[in-house]
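Reviewing the structure listed below.
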There are 4 protein chains.
Amino acid sequence: MSEPSPTRPRSERARTAILAATRDLVAEVGYEQMSIEGIAARAHVGKQTIYRWWKSKSAILAECVLEGLILPSRELPPDTGDLRDDLLVWFRGALHELGDPANASLLRGLVSAAADDPDLAAVLYERLTGPQEASMAARLREAEADGEIDSALTSTAVIEMLFGTIVYRILSRLDVGPDLADGLIDTLFDGLRGAK
Amino acid sequence: MSEPSPTRPRSERARTAILAATRDLVAEVGYEQMSIEGIAARAHVGKQTIYRWWKSKSAILAECVLEGLILPSRELPPDTGDLRDDLLVWFRGALHELGDPANASLLRGLVSAAADDPDLAAVLYERLTGPQEASMAARLREAEADGEIDSALTSTAVIEMLFGTIVYRILSRLDVGPDLADGLIDTLFDGLRGAK
Amino acid sequence: MSEPSPTRPRSERARTAILAATRDLVAEVGYEQMSIEGIAARAHVGKQTIYRWWKSKSAILAECVLEGLILPSRELPPDTGDLRDDLLVWFRGALHELGDPANASLLRGLVSAAADDPDLAAVLYERLTGPQEASMAARLREAEADGEIDSALTSTAVIEMLFGTIVYRILSRLDVGPDLADGLIDTLFDGLRGAK
Amino acid sequence: MSEPSPTRPRSERARTAILAATRDLVAEVGYEQMSIEGIAARAHVGKQTIYRWWKSKSAILAECVLEGLILPSRELPPDTGDLRDDLLVWFRGALHELGDPANASLLRGLVSAAADDPDLAAVLYERLTGPQEASMAARLREAEADGEIDSALTSTAVIEMLFGTIVYRILSRLDVGPDLADGLIDTLFDGLRGAK
DNA sequence: ATTTAAACGAGACGGTACGTCGTGTCTTGCG
DNA sequence: CGCAAGACACGACGTACCGTCTCGTTTAAAT
């Protein structure tokens, strides 16, 4: 209904170039050292074109994350009937991916950026956990119905615990080896009391 | 024999003022917005005095953390014989403390700073978990001997899991309520299968 | 043969609005601070419409001057038979007009603009002196014929001397009082030697 | 009496480099096209060093003028007893100098800059006329005593008339030939009525 | 009446320069 | 020689305009 007087449309070319430059720079020099001026230069774009559409460096990053330019996303594997096994497979994969030094470094940059930008935080953590969340909820319900587990935790809590641990290790710069996965999944299912 | 060339000793007054100014500023404006010039001005200190003794903003912060000026530390409570109960009490306290908005915000700043300063990271995470680690190890051993648990995890892993979850929630800006403690401790001990 | 393809004629509405906006802005904020964007906004006109017809800020100003929107023009008074008296009357009027602070300020802006635009310079100084020049030449010839003067200067030189002095005082921000007129006219006619 | 706490003194090296760069640039590209950034780059100086000591482009120019880096200054010639002749010699020289295209262009730039900076205006016009003013006053008094003239004008007025005319011709981009000097001096002494 | 092509208002674009802030280094005189 | 003060060269910030470039709409002359 509204008729915003006709004007030159936003340049998709510029938008894409900016996101790509940001993706490259954050990987090359890190979030803190990356400057908006540098992004503009790399993208052959005027600074104003950036400021026209984004309000901060972290907002550009948020869009990169949203577009999947930065963090890969990992779906839960197909249901094999054994939730514990499926989770283990999936979690090992996630660990392997995020544990790679380049990705670990990138993740630290993103966390740093998200630490003082709630909007980026929302996007980042949604991107990190979102894709798994829904199917995880369904699986937990099934497993509970099957008697495989007696769930005391929501899918959100499970995911937060797993990712929280990974992120914590990455932030504190501890190794993120594959055996971490086994220990966590074991504890998650059996608890410290161990399997009966 | 020794003839310590006549030299003026480092000013404790200046050192203290700098740390105090840093502590105040990081709380007031956040880590990113805090500048070394701002610290110098607030501490009535020349910039050179800062650069003479610290190599970066995060290094000052690291010293603040080391001196206990910033993060409170929480010891494990005395052993009542029931590890699960003791952990619950302790963890509820830690959650309460870190969940306070002011502390949460401060923690985000510290994490952000530590994300690209490994030295600060070491100090910060040591400060966060260190005091609990040793006694936790002892307790786990005892509990295992008593048959209370069948430990599959090291004390480090337990602590990382608990703190990882808190830190994750704080970073993602989710509420950190006291019930989180119960859920996590339950799962930690019983696993998803639940208590027998 | 010629087939002037059908086209929309230039909008007089836009042209007028642009000149008016320029006239207003140069008075309000001065030449340097006046921007083409500001003119476009004030005139509710697209920037392109300005760039289509004028090549610079000073060119718009030149057209304003040409249209008489900015500088008033002052003709020589009717011939009363006494050239000296006529000049005095006229010059006092010119001084009064240009000496008014608002006009003085405007004149400084115009001079500034003309200083690096020869085209504007031509228009501006023609506008300033042109109307008087022709009749001045005739009067000088008559006065010479009558023996009133023994002209050694062309009308151009006389005018330049008079306007030069006014402009100089305005540029150097000295007062331009009415007594300046008497002194100058006296000297112009009698010279430093004074009347016989 | 005041004791401004001891601090690093202003760098004469920087100050000089800035003035020299300004002098060069204003001649090379003109006042309008000269940027503070360009001055800083040419002088190998931080922009802040400029902004710390000068409040505008024209203020730097004013200091250049004050230091005699830009406009040459021309003293009145020694007294030969004939004021008219002395003035003629001096004025021809001034005309020759200012009439040189490079200097004319420079003068237009300075006038333009002075048009919206009263401080520069004061410095510029003082520099232009100041050195002559005092001796001119003395000469006029002597000449009057000798009966050479019957002065109706102050030294200031004489100088303004002469310089006003030159400046006016330079601004309006008319030729400034040597014969202009003769005409002006003739009129100045004899008036339009001519010599007796 | 329909066609048609330039003029129009709007405003996004790649740039340049602005004036400010913070960096890390340096240069003073004082204690 | 450490210190408070602060000037220095440098680089990035976020803003203002530059002159050019699309957009869809308007409009008057030539069909």
Side-chain angles (χ1 to χ4, degrees), chain A residues 3-11 13-15 17 33-38 40-41 43-53 55-57, chain B residues 5-11 13-15 17 33-38 40-41 43-53 55-57, chain C residues 3-11 13-15 17 33-41 43-53 55-57, chain D residues 3-11 13-15 17 33-41 43-53 55-57:
Chain A
E3 32 186 316
S5 89
T7 182
R8 189 181 183 179
R10 177 173 182 183
S11 159
R13 198 212 125 271
R15 186 184 144 274
Q33 329 307 328
M34 173 180 70
S35 69
I36 290 195
E37 213 144 76
H44 301 297
V45 141
K47 276 201 287 179
Q48 197 60 34
T49 300
I50 297 183
Y51 285 109
R52 183 153 33 234
W53 303 109
K55 70 182 208 306
S56 66
K57 212 166 58 163
Chain B
S5 73
T7 186
R8 188 180 180 182
R10 176 174 183 183
S11 157
R13 198 211 123 271
R15 186 183 145 275
Q33 331 306 329
M34 172 180 71
S35 68
I36 291 195
E37 287 209 331
H44 300 298
V45 141
K47 278 200 290 175
Q48 196 56 253
T49 300
I50 297 183
Y51 284 108
R52 189 163 15 243
W53 304 110
K55 67 181 211 303
S56 67
K57 210 165 59 164
Chain C
E3 205 164 324
S5 71
T7 187
R8 187 184 179 178
R10 176 173 183 182
S11 158
R13 198 210 124 271
R15 185 183 146 274
Q33 329 307 329
M34 173 181 70
S35 68
I36 290 195
E37 288 207 345
I39 296 172
H44 301 298
V45 142
K47 280 201 287 177
Q48 196 57 254
T49 300
I50 296 183
Y51 284 108
R52 183 153 33 231
W53 304 109
K55 70 181 209 304
S56 67
K57 210 165 60 163
Chain D
E3 32 186 317
S5 87
T7 182
R8 188 181 183 177
R10 178 174 182 181
S11 159
R13 198 212 124 270
R15 186 184 146 275
Q33 329 306 329
M34 173 180 70
S35 69
I36 290 194
E37 213 145 76
I39 295 171
H44 300 298
V45 140
K47 275 198 289 179
Q48 194 64 305
T49 300
I50 297 184
Y51 286 108
R52 190 175 299 117
W53 303 110
K55 68 182 211 304
S56 66
K57 213 166 56 165

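Naming: A, B, ... by sequence-line order, numbering from 1 per chain. Everything numeric in this text was worked out from a predicted model, so none of it was measured.
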- Task: Identify the heavy atoms of B:Ala43 and B:Ala17 that sit nearest to each other, and give their distance.
- Result: CB-O, 3.5 Å
- Note on the structure: Of the candidates E:dA7, E:dT23, E:dA12, the side chain of A:Arg52 sits closest to E:dA12
- Taking the side chain from B:Lys47 and the backbone from B:Ala40, do they hold a donor-acceptor pair closer than 3.5 Å? no
- From the options F:dA16, F:dA4, E:dG9, select the nucleotide whose nearest atom is closest to the side chain of A:Gln48. F:dA16
- Task: Would you please confirm or rule out a distance under 4.0 Å between OP1 or OP2 of F:dA9 and any side-chain N or O of D:Thr49?
- Result: yes
- A:Arg10 has an atom CZ; how far is it from atom P of E:dG14, in whole Å? 11 Å
- Task: Round to a whole Å and report the spacing from CD of C:Gln33 to P of E:dC18.
- Result: 13 Å
- Nucleotide E:dT16, atom P - distance to CD1 of D:Ile39 in whole Å: 18 Å
- Closer to the 5' end of DNA chain F via nearest nucleotide, is it C:Lys57 or A:Lys57? A:Lys57
- Figure out the OH/P separation between B:Tyr51 and E:dG22, and round it to whole Å. 11 Å
- base_contact_polar (E:dA6 base, C:Arg8 side chain, donor-acceptor, <3.5 Å): no
- For D:Met34 and for C:Glu37, find the nucleotide of DNA chain E with the closest heavy atom, then tell me which residue's nucleotide is more 5'. C:Glu37
- Message: Checking contacts here: which listed nucleotide (F:dC3, E:dT23, E:dA10) is nearest the side-chain heavy atoms of B:Ser11?
- Response: F:dC3
- Below 3.5 Å, does any donor atom in the side chain of C:Lys47 face an acceptor in the base of E:dG9, or the other way round? no
- Item | Aromatic A:Trp53 / basic A:Arg15 pairing, under 6.0 angstrom, 45° off normal | no
- Look at the side chain of A:Thr7 and decide which nucleotide, out of E:dT23, E:dG11, E:dC18, has an atom nearest to it. E:dG11
- Residue whose nearest DNA chain F nucleotide is more 5′ - B:His44 or D:Arg13: B:His44
- How close or far is atom P of E:dA7 from atom CD1 of C:Ile50, stated in whole angstroms? 16 Å
- Position toward the 5' end of DNA chain E (nearest nucleotide), C:Trp53 or A:Ala43: C:Trp53
- Note on the structure: Whole-Å distance, B:Lys55 NZ to E:dT23 C1', equals 16 Å
- Item | Residue pair D:Ile36 / D:Ser56: nearest heavy atoms and the distance that separates them | CD1-C, 4.5 Å
- Nucleotide nearest D:Ala14 (side chain, heavy atoms from C-beta), chosen from F:dG14, F:dC8, E:dC30: F:dC8
- Task: Quick one: pull up OG1 in B:Thr49 and CZ in B:Arg10 and give me the separation to the nearest 0.5 Å.
- Result: 9.5 Å
